There are 2 protein chains.
Amino acid sequence: MISTTFTYRDALNFVSEERIRQSAPAVRAAFEQLNSRTGRGNDFLGWLDLPSQHDADMLMEIQAVTKKVSANSDVAVVIGIGGSYLGTRAVTEALQHHFSACRPTGAPKLLYAGNSISEDYLHDLLEVLDEVEYSLIVISKSGTTTEPALAFRVLKEHCENKYGKTTAAQRIFCITDANRGALRQLATNEGYTTFVIPDDVGGRYSVLSPVGLLPIAVAGFDIEKLLKGADEMRKVITQETDPEKNIAMQYAVLRYLLYQDRKTTELMVAYEPRLFYFIEWYKQLFGESEGKENKGIFPAGAIFSTDLHSLGQYIQEGERNLFETVISVKNAHHHVSIPFDKENIDGLNYLQQKSLQEINHTAEEGTRMAHVAGGVPNLRIEMDNISETSLGELIFFFEYTCALSGYMLNINPFNQPGVEAYKKNMFKLLGKPGV
Amino acid sequence: MISTTFTYRDALNFVSEERIRQSAPAVRAAFEQLNSRTGRGNDFLGWLDLPSQHDADMLMEIQAVTKKVSANSDVAVVIGIGGSYLGTRAVTEALQHHFSACRPTGAPKLLYAGNSISEDYLHDLLEVLDEVEYSLIVISKSGTTTEPALAFRVLKEHCENKYGKTTAAQRIFCITDANRGALRQLATNEGYTTFVIPDDVGGRYSVLSPVGLLPIAVAGFDIEKLLKGADEMRKVITQETDPEKNIAMQYAVLRYLLYQDRKTTELMVAYEPRLFYFIEWYKQLFGESEGKENKGIFPAGAIFSTDLHSLGQYIQEGERNLFETVISVKNAHHHVSIPFDKENIDGLNYLQQKSLQEINHTAEEGTRMAHVAGGVPNLRIEMDNISETSLGELIFFFEYTCALSGYMLNINPFNQPGVEAYKKNMFKLLGKPGV
């Protein structure tokens with residue numbers, strides 16, 4: 001049973017039911033390619049099994065590390081970039097207190113390093129680490145990706161200076177290749193505890209592997225529920241063969257048809273600020289999977305109603321090459337009362353009997369009507385609430401849809417050849433040996 | 001004297017010098033319309049004078065409030081949305097410690113409210129405010145914009161419950177219309193200290209009015225330097241009449257020509273994470289100014305190298321409807337040494353003599369080459385460092401360019417008719433009296 005729903009009623013002014021039906025063979029072909037593991041990039045389909053076939057020992061080891069880090073660290077620094085960064089941040093920021101940075105939460109706070117080359121950022125992080133007890137979680141398949149490798153060099157030295165080499169080795173955890181690579185070798189030499197990034201799981205599809213599971217658990221969240229949510233979604237969308245009933249096939253078809261109509265930007269929208277990094281994760285997943293061969297939908301994000309007072313004007317009246325996909329959250333976790341004011345100078349007494357959540361939903365409804373009338377097709381994903389379970393569902397839903405979409409576009413959704421271009425130039429300019 | 005520079009060498013493969021020269025009359029016409037204040041929306045040109053004609057009494061009053069808030073508050077809650085939110089956040093996040101949320105900084109921390117309708121967000125904020133001493137800065141021209149008005153109702157009650165009505169009135173500061181509106185009336189009734197939003201300054205152009213100046217000063221930053229930087233830029237770009245020498249005219253022309261070539265998305269990029277909100281401010285400024293009459297460039301943002309491992313693939317090889325504008329920062333404030341490692345398992349010893357800032361610049365250079373080769377025109381804005389002065393320069397540069405761009409597009413850059421559409425629907429659905 002899943003609670004996530006998908007609706008496309010507000011795209012039917014732009015894409016007819018007839019065209020949707022005509023796309024059934026194409027999406028069914030993609031679905032079969034994916035499930036039979038015969039499509040392009042099929043050596044990177046390990047993510048399909050992550051929700052159901054996780055290793056019980058690995059989960060126990062994660063819980064053991066979590067216990068240890070919780071006991072001795074105020075902060076866990078997650079060192080990683082791209083898929084070794086965004087999945088963790090997407091899930092933890094969605095689940096944690098909005099102001100967890102300002103106050104104790106009972107679990108180590110996650111801070112991030114190795115996701116940029118900013119010297120001032122790293123300097124400021126070191127200042128924080130002077131003041132707190134911390135552990136390091138280093139995530140890199142090769143151990144030689146420039147950003148995390150540089151950050152790890154600096155932080156390893158700091159950690160060893162602070163705690164001594166032996167104790168530091170108890171505070172450093174590596175998630176890396178099973179056998180090869182610099183980080184594996186270093187971990188073996190130094191005796192670090194390690195977890196494995198499976199060979200057949202690419203970075204942007206890795207959040208349900210130890211890459212995401214370890215730091216999410218350390219931050220205090222229930223990774224078994226996350227996996228369970230993903231597995232429930234997996235059962236539904238990998239097994240339902242009817243494109244009219246399978247929500248992943250529906251979403252893939254709608255994106256495909258809207259793109260045919262030159263809707264070249266998808267704006268992923270949430271009305272809850274803590275889904276900001278979930279949308280960043282979506283941007284990586286789809287942008288890196290689809291943006292190839294001069295094709296693909298540009299993934300943009302927004303948090304409403306914040307950005308209705310920023311991008312709202314453009315969405316309503318700018319170029320008509322946008323469509324919106326709204327992630328709607330049904331239930332809030334908390335209630336805040338709107339006070340009654342007998343003077344009513346602000347004129348808000350008419351809202352006093354409503355909940356903010358209800359008003360937020362009304363803003364969503366009013367926006368949907370306005371944007372559709374303005375020429376922006378709307379798709380809608382609804383989740384019951386923001387929880388480990390619902391995020392697990394959503395993660396697998398997006399991963400699977402992204403793969404279907406890539407096959408429908410006739411590209412390989414699992415490679416990223418274009419990411420190498422800047423690195424090659426950079427290595428040459430830096431004088432890297434052997435380049 | 002300004003230190004900001006603008007270069008377009010890496011767009012010349014896409015836009016010829018010839019076409020740039022041919023655009024001189026169009027940009028000169030826009031420049032004259034703007035400077036003579038005869039163009040569309042000329043009742044909203046007060047921002048042109050903010051850097052030079054600020055009121056000395058107003059600045060003194062801001063310093064007095066800053067002193068008071070610093071003395072009695074750990075936190076100042078800024079209640080505002082859109083232009084009453086983004087300018088402050090753009091400047092303060094660019095200037096403050098990357099982890100200022102986690103640690104004492106000697107000045108009140110700014111937290112934000114009224115920029116969404118999330119019930120959980122407001123609940124979490126109230127939890128923080130139970131634990132700290134705080135003041136409220138409420139920013140709204142009318143006082144009836146739903147998001148900030150709702151948040152203020154809730155926070156005013158919290159503040160009065162915590163401090164008593166009399167003391168609370170000493171902790172609440174309003175920035176609003178000089179004479180009219182609900183917030184003005186409330187402030188008069190309750191005896192709050194107030195500052196004025198000038199009639200001829202729109203929200204997205206208001207950061208150098210009290211809207212931005214008060215909270216930026218409260219956060220501990222030097223608003224006179226900010227204004228000075230803006231004024232230096234103002235002198236240069238409002239007075240240089242030669243389009244080949246005026247960097248604002250150059251940037252406006254390049255955007256105009258790239259848009260003619262159906263480069264419909266501008267990706268504003270920085271290699272410093274703390275410019276994230278500056279880019280959000282840019283997105284509002286340009287999106288809300290240009291996105292009209294089914295025209296305008298869609299403003300998107302990215303922080304590199306973070307997003308090279310996310311959007312990078314798309315930029316390199318996706319749809320060719322993008323151009324990039326890079327905000328490059330010459331000097332870091334701090335130095336972090338890269339340790340030498342005699343084992344060199346990660347192979348990074350070749351970088352050990354370099355600064356991270358130098359490596360960051362090399363990433364920028366490698367990326368520029370790769371993206372230009374991949375078909376993405378690149379524009380480049382360089383600032384000396386991140387400081388009040390340089391941010392002031394940049395703010396006025398973008399504001400002025402945006403106005404020129406709007407006139408070249410033949411739209412009114414100072415209105416936002418499309419923002420009303422969702423509000424109208426929402427009020428109707430909510431049953432607002434009189435709607």
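From a predicted model like this one, the values you see are computed outputs, not experimental measurements. Just so we're on the same page: letters track the sequence lines, and every chain starts at 1.
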With heavy-atom distances below 4.5 Å as the criterion, would you say the side chains of [X] and [Y] are in contact?
X	Y	answer
Asn349(B)	Pro433(A)	no
Asp307(B)	Gln284(A)	no
Leu126(B)	Val336(A)	yes
Asn189(B)	Glu343(A)	yes
Ser118(B)	Leu356(A)	no
Asn425(A)	Thr367(B)	no

- Message: Tell me the closest heavy-atom pair linking Leu311(B) and Pro299(A), and the distance in Å.
- Response: CD2-CG, 3.8 Å
Can you tell me how far apart [atom1] ([X]) and [atom2] ([Y]) are? Round to the nearest 0.5 Å.
X	Y	atom1	atom2	answer
Asp120(A)	Asn360(B)	CG	CG	10.0 Å
Cys102(A)	Glu131(B)	SG	CD	9.5 Å
Asp346(B)	Leu150(A)	CG	CG	8.0 Å
Lys156(A)	Asp341(B)	NZ	CG	6.0 Å
Thr144(A)	Leu348(B)	OG1	CG	8.0 Å
Leu430(A)	Thr362(B)	CG	OG1	4.5 Å

- Message: Parallel, tilted or perpendicular: which one describes the rings of His334(B) and His123(A), with boundaries at 30° and 60°?
- Response: parallel
Largest heavy-atom contact set with chain B, pairs under 4.5 Å, which of [options]:
options	value
His371(A), Lys109(A), Arg204(A), Lys354(A)	Lys354(A)
Ile297(A), Val75(A), Leu322(A), Val329(A)	Ile297(A)
Glu147(A), Lys428(A), Glu365(A)	Glu147(A)
Ser310(A), Ala182(A), Gly114(A), Gly181(A)	Ser310(A)
Pro273(A), Ser337(A), Ala300(A), Gly347(A)	Pro273(A)
Phe298(A), Trp281(A), Tyr271(A)	Phe298(A)

- Message: Among Pro339(B), Gly296(B), Ala332(B), which residue has the highest count of heavy-atom pairs closer than 4.5 Å to chain A?
- Response: Pro339(B)
- Most heavy-atom pairs under 4.5 Å with chain A, out of Phe286(B), Tyr314(B), Tyr85(B), belong to Tyr314(B)
Side-chain donor/acceptor of [X] to backbone N/O of [Y], under 3.5 Å:
X	Y	value
Asp124(A)	His98(B)	yes
Thr306(B)	Asn115(A)	yes
Gln313(B)	Gly418(A)	yes
Arg153(A)	Ile338(B)	no
Tyr422(B)	Leu308(A)	no
Arg103(B)	Val128(A)	no

- Do His335(B) and Glu119(A) meet the criterion of a side-chain donor-acceptor pair at a distance under 3.5 Å? yes
- Query: Are a donor atom and an acceptor atom from the side chains of His309(A) and Glu288(B) found within less than 3.5 Å of each other?
  - Reply: no
- Under 4.0 Å between a Lys/Arg side-chain N and an Asp/Glu carboxylate O for Arg262(A) and Glu319(B)? yes
- Message: Less than 4.0 angstrom from a charged side-chain N to a carboxylate O is my criterion; do Lys295(A) and Glu317(B) meet it?
- Response: no
- Qualifying residues under ring pair (Phe, Tyr, Trp, His ring centres under 6.0 Å), relative to His333(B), sequence neighbours excluded: none
- Message: So, using ring pair (Phe, Tyr, Trp, His ring centres under 6.0 Å) as the criterion, who are the partners of Phe276(A) when residues are at least two apart?
- Response: Phe276(B)
- Query: With ring centroids as reference points, do Tyr121(A) and Phe99(B) lie under 6.0 angstrom apart?
  - Reply: yes
- For Phe340(B), is it the side chain, the backbone, both, or neither that has a heavy atom closer than 4.5 Å to a heavy atom of chain A? backbone
